[in-house]
Every structure is written in C-alpha cells, then in structure tokens.
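A quick write-up on the structure given underneath.
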Number of protein chains: 2
Amino acid sequence: MTTTALLHDFCARRGDLAARCRHCGAREFNICQALDPGLQEKLFALALRLQLGKREPVFAAGDPAHYVYNLTEGMVCLSRSLADGRRQILGFLLPGDFIGFEAGETHRCDAETLTEAKACRFERAVFDGFLQDNPETALRLLRMASSELAQAARHEVLLGRKTAVERIASFLLDLRDRSGERHLRTQPLALPMTRSEIADYTGLTIETVSRVLGRLRTDKVIELASTSAVRVIDEAALERMAGPA
Amino acid sequence: MTTTALLHDFCARRGDLAARCRHCGAREFNICQALDPGLQEKLFALALRLQLGKREPVFAAGDPAHYVYNLTEGMVCLSRSLADGRRQILGFLLPGDFIGFEAGETHRCDAETLTEAKACRFERAVFDGFLQDNPETALRLLRMASSELAQAARHEVLLGRKTAVERIASFLLDLRDRSGERHLRTQPLALPMTRSEIADYTGLTIETVSRVLGRLRTDKVIELASTSAVRVIDEAALERMAGPA
DNA sequence: CGGGGCGTTTGATCTTGCTCAAGGCGGCCC
DNA sequence: GGGCCGCCTTGAGCAAGATCAAACGCCCCG
C-alpha cells in the first residue's frame, strides 16, 4: 500500500466502534497515545464506546459530571449561555480532544455534536482511579489541559482584541490547522457549524460573519464550495488578514 | 487567640520566605494542599522560594519554560500581545495560583507581577518527576487546570458577549470573589492594576473603563477610595449590572 | 413538481464604544 | 515646596459592527 492509501485506511478505521485502541484512528492524538499495549487494554476495558448522532447533546451546563469523554470521530461544540440567550461558543472539538473533565461536581458548559460522532466514555470515578494508578497518563492529560488553556488564550485574544475580518480569518486558519493535525481533510475544509455558531464563536453577529465571508470570497481569498465547506485560495492573504502574530 | 486574630496571624505568614509549607499562608489554596507532611517536606526541598518586586517580569512569551511557579503572595498578570502592540490580559493571578506549566518547550504568554510577590519555583523536569511519583498531586494539579479552564470560559463569555458595563461589573465581582476565597481584603478591594490593564483584560479602552467606573461611582454602586481601591456599596446593583447568569 | 421553512445573504440605519483631544490630579524627585 | 511626568478623567465626533428588514436559495416534504 502507498502511504496515502495507508493513511486512508487508517482514517477509515477512525472511531470504529468494535476496534481496540490499537486500531482506533484517533489513537495518535487522544489520551491513549503512548500508552503501552497492556495499559491500552486496561483503559479500553473501562471505556464505553459511544455512537452519537448529528446535533445531539452530550451534556449540558449544570448536569452532574458523571462521565468524561474522549472524542474519536466527529465534531463537538462547547458553549456557555447567559440566561437571556446570549451564547459564547468556547470551541469546536476534533477527534482526540478530551471532554467533560471538571474540578467540581457538575458540567459548566454545554456540549453538543455538530456531526455524527464517536467517543470513548469513562465513569469519572473509574477514570480518576486509572489516573491514580497511571501517573504518566495523568501527566499526559495535564499536558493536554495545558494545550487547551493555550488555545483558550488565543481565543481570548481573538475575542478581546481582533477586528471582524481578523476573527474570521483566524477562525478559518485555526480550524484548518487543527483539522490538518488530526489528518482531516482541509481542502476543502468542512464547516459543519452554522453561521450562527461561527458568530457565537467569534463574538460577532451572523450578518457580520456572512458579510466577511462574502468579502473574502469576492477578494478571491477563499471559495465557498457550499455554505458548509471552504477552500483556501490565497493562503498568504488569509494569514495577513488574520492579524499580526 | 480569637478566630480573627488567628486568621490575621495566618495571613501575616503568607509566603514567609523562611517558612516551611505548613506555615505558608497560601498552603490552603496551592498545589501543596492536602499533601501529607512528608510529601510537603519533599516538595519544599525541590522549591526555590522567590521574592519578586513590584512590576517585575516573571517570564515572557517565547522564553524556554524551565520553571513552574506557585504564587504564594501578591498579584501577577498574564497577558498575550500581538506584534502591533495590541494586548489581551488573560487573568490576574492570586496567591495559590499556579503559573507557567506548559505543554511545549516555551512559555506562550507574558507573566508580570503587579505587586511585590512571592512564589515557589520548581525546575520543570524535577517537578514532572515529583508528579510522576505522586499521582495525587498530579490529579490535584489537573483539577486546578480544569478550574482555570472554567475561568477562561467565563472570560470568553465576558469578552465575546457582554456590554462594557457588564464587563466592568463582572470583572469587579470576579476579582472580589476570588480575593475573598483567598482571604484577601475585599472591602475595600485592591486594584493594583492600571486602567490600561483593566482595559486589556475586559477588551475595552482605558477611556471606556474610566467612564464606566465613573458612572458606577455616580450611581452610588461603588466608591473609589483611591484610583486603586474600590468599595462595593450596592452589591445587588453590581450583580444586576454584571448581566444575567 | 410545488410549497414551506430555515439558514443565509444583502441592504439601510442606528448605537455602542473607539478615537482624538484636552485638562486634571497625584505622586515623586529635586 | 514646586514642578514635572505619568495616569486618569472628561468631552466631542466618528466608525465598526449591531440591529432591523427583506429577499434569496436550498432542502425537505407533501
């Protein structure tokens, strides 16, 4: 098999419900990474493999945090809403991302799938026990948490200090880069979220999101294959538009 | 001694450079919490006690991340800047907060003291080793990281979806609550950061920060003892102004 | 194939918070 | 004690993006 074919095969197995960890397409990115086969088997035994539908809630803010999840396939959206309906989307999660680990007893944001998705679900207490017994896994999770914190910091810069154009360009580049890291298709890049969700991620309105995307298209920086897929035509321009580093 | 006197004594020892962990005023909040005395001694042996001046950089974005820090006294400001000078302040850290843990090799934001401060500094590799050997400490750190992530999420809501008044009111309440949890004085509440730093935390300009604070003062919601200390007069009003939960 | 509904696009107007400008206050140094 | 400098406040006008409004297009369903 060629490298491409191998990669294709690898991706096809991503999140296969019956597959053991060593066949899991998300293994390279998620919590199981670098576990030796024995530990992987142990962790697998603790997991419930979950198949989730498109636009299905995983948990809501305030729910008791009984479980933690490791996403293996699909996209999930994390958000927090104010009582009057204003919503802030915190991030769009990709295969390998860890969801639902809380310091307290309840979840503090909403999690919903944007696409069909698969995940490994662990009982919180059981998972904590595994971490106790496997400090290198705890350290790996700590490093993943630290990456998420860095991602949140970049998002705070976007929300607090960037213009509308910079926000949209940064959003597209960030999603593309993270999708690429996870071996997902980037050209065209899937946008399974609605304009309203892009707006709530970037702190803008749907009208502004639509106008900015329209302008990027007019300027030949991107092509919109459909409303839910972009192709980056002029990468350098898009990077310039995303603002200074 | 009365409870108050005990607390006073306790706070006076906060961060005492010579003190062992069991006398450290920040012990209740920081990484050492709930360690048994033996482990505390082991951790203490790994720490360099650091005395920092007012407005002193701790590290800058891009610096190699050789050390991690546990703040025991004073306030530290975390920020990220764009090349054109725009800055986003990520948070104002209080005693007990953990600083500088990175997934990669370098720091990804700037850290600077706002006041004189004290911290325990650990070499990264040594600290990682301690976590390997003490999974319950790793778990505790993981829970602290999860709290920071929740704090970041609240900040994202503030930056993405709140009005100027809501941002300032939320900022004041958040700082007051976190100061209270750490047994710091809350009435009046110290604001060691400049208007410019409040602006860069809230995603506003200094003029808007000044106007909103002025309006809160005019409306008798707060009193400004000096430019760097507030007293909350009408708590309910301030909470209303911070926006719906 | 035609109709309905939702999500998106596009346009016109308005508002919030930014920019630009000037003045005030306070702390610190000489 | 006086002056200077940095930070803060206040005011006037402006602009980026929000709001309000309407039309479009696509998909689904009858």
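Naming: A, B, ... by sequence-line order, numbering from 1 per chain.
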- Can you tell me if the side-chain N/O atoms of B:T205 get under 4.0 Å from OP1 or OP2 in C:dG17? no
- Task: Send over the distance from B:L158 CG to C:dG17 P, rounded to a whole Å.
- Result: 12 Å
- Task: For B:L191 and D:dC8, give me the distance from atom CG to atom C1', rounded to whole Å.
- Result: 14 Å
- Please state how far atom CG in B:L224 lies from atom P in C:dC25, giving the value in whole angstrom units. 15 Å
- Message: On DNA chain C, does the nearest nucleotide to A:R161 precede the nearest nucleotide to A:T227 from the 5' side, or the other way round? Give the residue.
- Response: A:T227
- Distance, rounded to the nearest Å, where B:K162 contributes NZ and D:dA18 contributes P: 18 Å
- Item | Nearest-angstrom distance from the residue atom CZ of B:R217 to C1' of D:dC8 | 11 Å
- Message: Using whole Å, what does the distance between atom P of nucleotide D:dA18 and atom CD1 of A:I206 come to?
- Response: 11 Å
- Just by distance, do the side chain of B:H155 and the backbone of B:Y201 share a donor-acceptor pair under 3.5 Å? yes
- Query: Within a reach of under 6.0 Å around CZ of A:R185, are more than 12 heavy atoms found that belong to other residues, nucleotides or ligands?
  - Reply: no
- Message: Any donor-acceptor pair, under 3.5 Å, between the side chain of A:E207 and the base of D:dC20, if you only look at N and O atoms?
- Response: yes
- What is the distance from CZ of B:R195 to P of C:dC25, rounded to the nearest Å? 15 Å
- Which value, rounded to the nearest 0.5 Å, describes the distance between B:L173 atom CG and B:L189 atom CG? 10.0 Å
- Check every strand shown and say whether B:L213 touches a base, only sugar-phosphate, or nothing at a heavy-atom separation below 4.0 Å. nothing
- Task: For the residue pair B:K54 and B:T113, confirm or rule out a side-chain donor-acceptor distance under 3.5 Å.
- Result: no
- Query: With a 4.0 Å cut-off on heavy atoms, is B:R215 in touch with a base, just the backbone sugar-phosphate, or nothing at all?
  - Reply: nothing
- Task: Using a 4.0 Å heavy-atom cut-off across all strands, classify A:T163 as base, sugar-phosphate, or nothing.
- Result: sugar-phosphate
- Looking only at side-chain N and O atoms, does A:T208 come under 4.0 Å of OP1 or OP2 in D:dA18? yes
- Query: Do A:R211 side-chain and C:dG11 base share a donor-acceptor contact under 3.5 Å?
  - Reply: yes
- Query: Are any of A:S210's side-chain N or O atoms less than 4.0 Å away from OP1 or OP2 of C:dT9?
  - Reply: yes
- Whole-Å distance, A:L204 CG to C:dT15 P, equals 20 Å
- Message: Counting the atoms with a prime plus P, OP1 and OP2 as sugar-phosphate, which does B:T194 contact under 4.0 Å by heavy atoms, base, sugar-phosphate, or nothing?
- Response: sugar-phosphate
- Item | Contact check, side chains of B:L213 and B:I222, non-hydrogen atoms, under 4.5 Å | yes
- Could you tell me whether the phosphate oxygens of C:dC18, OP1 or OP2, come under 4.0 Å of any side-chain nitrogen or oxygen in B:R86? no
